[in-house]
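Written below as structure tokens is the structure these notes are about.
Chain identifiers are assigned alphabetically (A, B, ...) following the order of the sequence lines, protein sequences preceding nucleic acid strands; residue numbering begins at 1 within each chain. The figures that follow rest on heavy atoms only: side chains count, while hydrogens, waters and symmetry mates do not.
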2 protein chains.
Amino acid sequence: MGKRHISLKDLAHELGVSISTVSRALKNHPDISPEMTKKIKALAEERNYTPNPLAMGLLRQQTKMIGVIVPDINTHFYSSIISGIEKVAKEHGYFIVITSSNESMQKEIESVENLLKSRVEGLIVCLSQETNDFTHFEKLIRNEIPLVFFDRVCEELEVPAVLANGQDATKKITQHFFKNGCKRIAYISGPEHLNISQNRKVGYLNGLKECGLEYDQDLLIHCNLSIEDAKLATQKLLRLKNKPDAIFGVNDTIAFAAMIEVKKQGYKIPDDISLAGFTDEFHSIVVDPPLTSVSHPTFQMGEEAAKLFFESIEKETNINKKVMLPIDLVVRESSVKKQ
Amino acid sequence: MGKRHISLKDLAHELGVSISTVSRALKNHPDISPEMTKKIKALAEERNYTPNPLAMGLLRQQTKMIGVIVPDINTHFYSSIISGIEKVAKEHGYFIVITSSNESMQKEIESVENLLKSRVEGLIVCLSQETNDFTHFEKLIRNEIPLVFFDRVCEELEVPAVLANGQDATKKITQHFFKNGCKRIAYISGPEHLNISQNRKVGYLNGLKECGLEYDQDLLIHCNLSIEDAKLATQKLLRLKNKPDAIFGVNDTIAFAAMIEVKKQGYKIPDDISLAGFTDEFHSIVVDPPLTSVSHPTFQMGEEAAKLFFESIEKETNINKKVMLPIDLVVRESSVKKQ
DNA sequence: TTGAAAGCGCTAACAG
DNA sequence: CTGTTAGCGCTTTCAA
């Protein structure tokens, strides 16, 4: 049990002045005499006075809290995004309350409710992979509660959002594979209804087209984003009689699951099968062979999301701005055949 | 800008009763007539009333916030611990404010200050690797602000803490290496002043002794916990004229850096050099070869830390309880020589 | 059975 | 230049 914090009242008592005098002195109000101001500030300093945010919040009706909902907190991808959000929030004197939906729509809905109960001033959200109904967000919009999406968004809703250019990325990967001699390029995607899955599929198809390759639907697999499901998807690809000579996965988990499975079945990477994924630097270089990948600008994504948030909190009106971040392809050994 | 939340006053006005009646009805006070209670509850439900935590906090002098300081937020290790803390906090109706010291003592000190300014009710902390002065924590103790350490602790301070049994773990690793034919077992440790480094060193030395191996100080290297430094440390080991035949690293980063470096220099794992580390499941199986490792019970560590926190908040007195969690060795390919 | 009033810490309009 | 007062939303004692 911490001791009670010092309050304006305490300071006022001690100096035999009124609370408002202390309050004013501390914010350099011109009405207060210089000597008084000095005296008060000295005592405040000595007693280690800091204003009680609860009282301020009650007065101003603001908590300076932002609710953040991510599908999974235990991945570098999201924790890096969270760091970005946190940085910008801090600059604005806000702090963030992080919750995880665990990829469940039900938990996402509960998170929204709980965060609102905690009086967060708004939400920054990455949708769970299950989320296909948006009434819990529509309610927010109706009540003019600031909302920003990142990465996985609902495109029907007029909500500011930060996106990575996955379409461009998958196109680049496809072309890169083709240039390295691959003809049967497989893609393990995420749940079909997610915008990221859709965009990246478009990029994949465009890439194929530009390379003059035909689209074979056997080579495009949707899977939920678990390691088990990704392994199954990989096995399915490897059972095809006309096997792929390249595979790319839509995120870390899938890329690694594919890598494990491909190796397990005795195929050489990249000579038998080339591999690429969406991952961060660290993970890509830790595996063997180092994984060609497009690295999400995660930290920056978090920053941008938070910036959008503060824009919509300042302009007291709904904005509907989309920020698109570029993604770069980093070529490593897993996709460059030695032949 | 969100609409104003509904308040007791709003409900009271609408029903033409007093605020206190509404307040009482909502908490089933026996004084209020059943019909009144019912009516009030119905309206509260309809209007979606939730109590304003700011007002409650101001009244009760509690924020229901716990400050958490970790050295680095972007690792599975810490994010998993945080999840554990979060789970228990939630069960108690608390939420957590996470900050990262980025392994800097200065930032750690600032974090403590900022969190106190935000009126967190207490702190759960893992020390930065730099921290060798504890006045910022002593101040907390003097003011009876609940404090719990996990993993990296200050042993001089009487603070409840959760620890993993690193001493036992390193002993097991050492013995395991020996059983697999290794005679020159190297250990890349963390900064010397950290308790985890010290404990694990003791385990290492005990392990050597029990195996009848002599301690060679060339084989014990301290490094700061960056990937670059870990690579340098590995290079140093590999330059010894009497090279190690086994290396283990004190955490994920170091284990992987060592693996990369060992491979790079053309040594076969495990046949030339066996490897082991402290990592989590996922990372261990993603690398090649799969890494023998002791896996920290991270989530559990977070849970225990939070439990300790609530113990010390409930008993209104300083407690000094240490919780020691067991660590298991999981043997994988990186340490089992084939010969 | 219900209401009025005080107080948690703070600010700001209004008095003096 | 400084003090008084009301009020943010809530609980709780005291009064009716």
Do [X] and [Y] have side-chain heavy atoms sitting under 4.5 Å apart?
{"X": "V70(B)", "Y": "T99(B)", "value": "no"}
{"X": "E155(A)", "Y": "V153(A)", "value": "yes"}
{"X": "I66(B)", "Y": "V97(B)", "value": "no"}
{"X": "N74(B)", "Y": "F299(A)", "value": "no"}

Are there any protein N/O atoms within less than 3.5 Å of an N/O atom in nucleotides 13-15 of chain C, and if so, which ones and at what distance?
unit_1	atom_1	unit_2	atom_2	d
dA13(C)	N6	R24(A)	NH1	3.3

Next item on the list: Please name all residues satisfying ring pair (Phe, Tyr, Trp, His ring centres under 6.0 Å) with F77(B), sequence neighbours left out, ordered by chain then number.
Entry: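 Ring pair (Phe, Tyr, Trp, His ring centres under 6.0 Å) check on F77(B) returns H296(B).
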Next item on the list: Determine, for E121(B) against K64(B), whether the closest basic-nitrogen to carboxylate-oxygen distance falls under 4.0 angstrom.
Entry: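 Looking at E121(B) and K64(B), the cut-off is not met.
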Notebook entry, point to check: Salt bridge between E304(B) and K307(B), side-chain N to carboxylate O under 4.0 Å?
Noted result: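 Judged by the 4.0 Å cut-off on N to carboxylate O distance, E304(B) and K307(B) do form a salt bridge.
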Next item on the list: With a 4.0 Å heavy-atom cut-off, tell me which residues in residues 6-14 of chain B come close to DNA chain D, sorted by residue number.
Entry: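 Those residues are S7(B), L8(B), K9(B).
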Check: Taking it one step at a time, do L26(B) and I40(B) satisfy side chain to side chain contact (heavy atoms under 4.5 Å, CB included)?
Finding: CA-CA 7 Å; L26(B) 257 21; I40(B) 291 177; 3.7 Å; yes
Next item on the list: Report the C-alpha separation of E113(B) and T50(A) in whole Å, then their side-chain angles, then the decisive distance to 0.1 Å, and conclude whether the side chain to side chain contact (heavy atoms under 4.5 Å, CB included) test is met.
Entry: CA-CA 10 Å; E113(B) 278 172 14; T50(A) 56; over 6 Å; no
Quick check against the 3.5 Å criterion: does [X] have a side-chain atom that pairs as donor or acceptor with the backbone of [Y]?
{"X": "N102(B)", "Y": "S104(B)", "answer": "no"}
{"X": "N195(A)", "Y": "L163(A)", "answer": "no"}
{"X": "S79(B)", "Y": "T75(B)", "answer": "yes"}

Margin query: Tell me the closest heavy-atom pair linking T298(B) and S80(B), and the distance in Å.
Written below: OG1-OG, 2.6 Å
Check: Which atom pair, heavy atoms only, marks the closest approach of S18(B) to T21(B)?
Finding: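 Between these two residues, the closest heavy atoms are OG-OG1, 3.0 Å.
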Notebook entry, point to check: Just to confirm, is there a sub-4.0 Å distance from OP1 or OP2 of dC10(C) to any side-chain nitrogen or oxygen of S23(A)?
Noted result: no
Next item on the list: Using a cut-off of strictly less than 4.0 Å, decide whether S18(B) has a side-chain nitrogen or oxygen near OP1 or OP2 of dT2(C).
Entry: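 No, because none of the side-chain N or O atoms of S18(B) sits under 4.0 Å from OP1 or OP2 of dT2(C).
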Check: First and last nucleotide of DNA chain D touching chain A, 5' to 3', heavy-atom cut-off 4.0 Å?
Finding: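 Nucleotide range in contact with chain A: dC1(D) to dG9(D).
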Check: Given T131(B) and E108(B), is the side chain to side chain donor-acceptor pair (under 3.5 Å) satisfied, shown in steps?
Finding: CA-CA 8 Å; T131(B) 304; E108(B) 183 177 282; 3.0 Å; yes
Note to self: What is the separation between atom CD1 on I19(A) and atom P on dA12(C), rounded to the nearest whole Å?
What the structure shows: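 Interatomic distance, CD1 of I19(A) to P of dA12(C): 15 Å.
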Notebook entry, point to check: Expressed in angstrom and rounded to an integer, what is the separation of I32(A) atom CD1 from dA12(C) atom P?
Noted result: 13 Å
Next item on the list: Under 4.0 Å from any atom of DNA chain C, heavy atoms only: list the residues of residues 37-66 of chain B that qualify, in numerical order.
Entry: L58(B), L59(B), Q61(B)
Notebook entry, point to check: Which dot-bracket notation, 5' to 3', represents the base pairing of DNA chain C when pairs are defined as Watson-Crick or G-U with both distances under 3.5 Å, crossing pairs as [ ], and inter-strand pairs as |?
Noted result: ||||||||||||||||
